[in-house]
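Order of the sequence lines fixes the chain letters, A, B, ..., with proteins taken first and strands second; residue numbering starts at 1 for each chain.
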2 protein chains.
Amino acid sequence: MLKGEVIAVGTELLLGQIANTNAQYISQKMAELGVPIYYHVTVGDNGERLKEVIKQAQTRSNLIILTGGLGPTQDDLTKESAAELLNLRIVLDEPSFAKIISFFEQRKTTMTENNKKQAMVIEGSEIFPNDHGLAPGIAVQKEGIHYIFLPGPPSEMRPMVDRYFVPWIKKQYQGHIFYSKVMRFMGIGESALEERIVDLIEKQENPTIAPLAKDGEVTIRLTAHASTENEALSIIEPVENEIHHRLKNHHYANGEEGIEEVVFHLLDRLQLTLSAAESCTGGLLGRQLTRISGSSKVYKGGVICYNNEIKHHILHVPIEILDSKGAVSMETAEILANENRKLFNTDLSVSITGIAGPDPVENKPVGLVYIGISEKGKNTVVKEIHLSGSRTFIQLRAAKYAYYYLWERLKERLT
Amino acid sequence: MLKGEVIAVGTELLLGQIANTNAQYISQKMAELGVPIYYHVTVGDNGERLKEVIKQAQTRSNLIILTGGLGPTQDDLTKESAAELLNLRIVLDEPSFAKIISFFEQRKTTMTENNKKQAMVIEGSEIFPNDHGLAPGIAVQKEGIHYIFLPGPPSEMRPMVDRYFVPWIKKQYQGHIFYSKVMRFMGIGESALEERIVDLIEKQENPTIAPLAKDGEVTIRLTAHASTENEALSIIEPVENEIHHRLKNHHYANGEEGIEEVVFHLLDRLQLTLSAAESCTGGLLGRQLTRISGSSKVYKGGVICYNNEIKHHILHVPIEILDSKGAVSMETAEILANENRKLFNTDLSVSITGIAGPDPVENKPVGLVYIGISEKGKNTVVKEIHLSGSRTFIQLRAAKYAYYYLWERLKERLT
């Protein structure tokens, strides 16, 4: 059995300039594969301290995953220090070196001698190509311990983990794998969700069933223990189907896909366009949609109607409504959604108006939010929700609920 | 001299469910105070492994900062394990207990026996009150080593660090402190900035001068070594003034304040209102401004004109301009800023149109962005910038540059 430990190398981590998201990412992937990680250690760009930390890891772990310190400068000494400690030679990896040469040729800049350092690897190692940078990853084994070297920049490390390191782990586990699948739910709390599947949780064995509340939604991780991925999938399937059956009004996706992506794909497949009138979220919904490449196919834009004057002038909410019912009201949400849809000439429009805090407005409590959905030829629906937490959290959850109500409305149409 | 090490306790960290932002926060604060941190270690909720990790820390650090595992459940065993290892007793802290009792009384819920556990502390320790939760922090010294226990939830840990732990550190350093100050710059790259102050960097001693590029801006950390905070400030001041003098067109703030906050405060003090026409940033600028509580005083809203039809219909960019010059052009940026300002009736309006990628548009390269600023009674100015990186990074930097150009325009008016 593998017992893992993640060692992050970099003085910037010890100065608090960046968070150690690499350890988190690697740990997540290992958890999915059923590889236990018992320690994270961070050490600076210091060869002696790094060697001490590796020595100690050798006493308790047989999968030592190092990230950072594979770059071209003097500071980058992870593989050099490890090779010295393991008494292994550093050799040139020709394919990596060829890639570096062509990188500099293409950019018509001169390669300096220290760039060659990035193509140096430990003798007898397996190479993980770096598809987003110059320093390859390395897997080397000595005396029953696996040493994995990964680059520090997350943009290089993450794809390398996904494409090369995860398959490497699976190869080690041939005939004995853990496989896990994450189901995502919205519009239901963790305890309410648990109650609906408590019998399944109580008799869980293989797969295990682990609910988790996070960022305004709930996930369930199903982890199966099997000899092949197909076998694992067939162990997971009946449990997954049962959970889906009980919670189908909340189960919006699996894996990494967020609710905004699910809504984007639904709109895209249904060939519908969307616009948004955002008051308390101030552009957050638009920002989340436009992070997705290709979002222009479905999202035409929106009005950020942060100010009441704008709600009136641009989106035609009558002054009487603003005065009598308020900007945060069922009525205003309805008009905002309808008028915004007309203005942007879209099939659908969503409106969000609420009180993000920290102070109450219009004698209404912080966290009160109205979400309206207007659709051509249908009745406009407005939902009232009550959120808690900080200003930012209320804004994030309000946008998330807007997506959730859009999903609720659209999901049936594809079947 | 203190030599620090941060030990985070929590299985959720080893499963990758959360990133270890506590270690980052504590390290940042220690860096500002000049306390070196040489190691971060993370271990799960396991008493034996925790004790091993503390034992090892004792061999190399004299300031051992533990976070997490101070809660009421069986899993929470940080102080119990440490007390056992240090051979110290666990005793009840009456003020903390009184606070827990009154917490439950106020909520009219029953306190269970395990809540009392949170009021238990190590004998002979100094208490850091928890202003945002129930478990107090603890500082205890034995055989020349300081042990600090902090709660795991960042919402409790951060204010405790700021209010109680940082002053505790300063007390240890009486007559011998490090004090640091961060200057923030935009619109200049790290190497160009270094070149302008290379003479200062070369002769640096006290204070030290450390530039760092991060998230599309550059910071300089000045760290002075002195016997009092006032002395440190007076050591920093002439260097800070000199750097400011050389880079005053780029030096927009000090400390934690981001460019959007600086712009918000400038607009607020000048009593000016702002609106935005956002194309490639899709609402990001609005979202950043509206995270700030009170932003409604200056920000009235904006149009997210993601689609060309919207640029034409709502913001009146002529079809001929869109056809001949394109949506990403000097001309379109200018019209967007002007028309948006009129529509929202604000003093200023900023427009952002560009190509966030991944694919080129209108035969123009990814990363090309135009930012227009329209102001009542002034000529509209459009800036062309070329950004690189991922889609998200281009969007983030485009918004940041919009704030930078607003700052450039407004900063003179207060003097």
Problem set entry | Structural part of B/Ile292 lying under 4.5 Å from a heavy atom of chain A | backbone

Problem set entry | Under 4.5 Å from any heavy atom of chain A - which part of B/Leu343 |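 Both parts, backbone and side chain.
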
For this session: Between chain B and each of A/Glu12, A/Gln56, A/Met30, A/Glu32, count heavy-atom pairs under 4.5 Å; write down the option with the most.
Result: A/Gln56

Seminar exercise, completed: Highest number of heavy-atom pairs under 4.5 Å with chain B among A/Ala31, A/Gly294, A/Ser295, A/Ser155 belongs to A/Ser295

Identify the residues of [range] whose heavy atoms come closer than 4.5 Å to a heavy atom of chain B, ordered by number, or report 'none'.
{"range": "residues 3-10 of chain A", "value": "none"}
{"range": "residues 273-281 of chain A", "value": "A/Glu278, A/Thr281"}
{"range": "residues 33-42 of chain A", "value": "A/Ile37, A/Tyr38, A/Tyr39, A/His40, A/Val41, A/Thr42"}

Which one of [options] has the most heavy-atom pairs closer than 4.5 Å to chain A?
{"options": "B/Thr21, B/Asn307, B/Leu14", "answer": "B/Leu14"}
{"options": "B/Gly302, B/Ser296, B/Pro358", "answer": "B/Gly302"}
{"options": "B/Arg391, B/Gln28, B/Gln395", "answer": "B/Arg391"}
{"options": "B/Ala356, B/Ser293, B/Gly286", "answer": "B/Ser293"}
{"options": "B/Asp359, B/Leu13, B/Leu284, B/Asn46", "answer": "B/Leu284"}
{"options": "B/Ile18, B/Val303, B/Val43, B/Asn20", "answer": "B/Ile18"}

Exercise. Hey, are the side chains of B/Ile169 and B/Leu2 touching, using non-hydrogen atoms and a 4.5 Å cut-off?
Worked result: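 They are in contact (side-chain heavy atoms under 4.5 Å apart), so the answer is yes.
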
Exercise. Between A/Arg287 and B/Thr392, is any pair of side-chain heavy atoms under 4.5 Å apart?
Worked result: yes

Are the side chain of [X] and the backbone of [Y] linked by a donor-acceptor contact shorter than 3.5 Å?
{"X": "A/Thr346", "Y": "A/Leu348", "result": "yes"}
{"X": "B/Ser390", "Y": "B/Phe393", "result": "yes"}
{"X": "B/Thr11", "Y": "B/Asp45", "result": "yes"}
{"X": "A/Arg291", "Y": "B/Gly282", "result": "no"}
{"X": "B/Gln288", "Y": "B/Glu260", "result": "no"}
{"X": "B/Thr353", "Y": "B/Ala327", "result": "yes"}
{"X": "B/Lys29", "Y": "B/Val166", "result": "no"}

Counting only non-hydrogen atoms closer than 4.5 Å, does [X] touch chain B with its backbone (N, CA, C, O), its side chain (CB onward), both, or neither?
{"X": "A/Leu50", "result": "neither"}
{"X": "A/Ile314", "result": "side chain"}
{"X": "A/Glu309", "result": "side chain"}
{"X": "A/Leu15", "result": "both"}

Problem set entry | Distance (rounded to the nearest 0.5 Å) between B/Met157 CE and B/Ile26 CD1 |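 Taking CE in B/Met157 and CD1 in B/Ile26, the distance rounds to 5.0 Å.
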
Exercise. Is the closest basic N to carboxylate O distance between A/Arg49 and A/Glu52 below 4.0 Å?
Worked result: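 Looking at A/Glu52 together with A/Arg49, the answer is no, because their closest N to O distance does not fall below 4.0 Å.
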
Exercise. What pairs with B/Asn308 under side chain to side chain donor-acceptor pair (under 3.5 Å), at least two apart in sequence or on another chain?
Worked result: B/Lys311

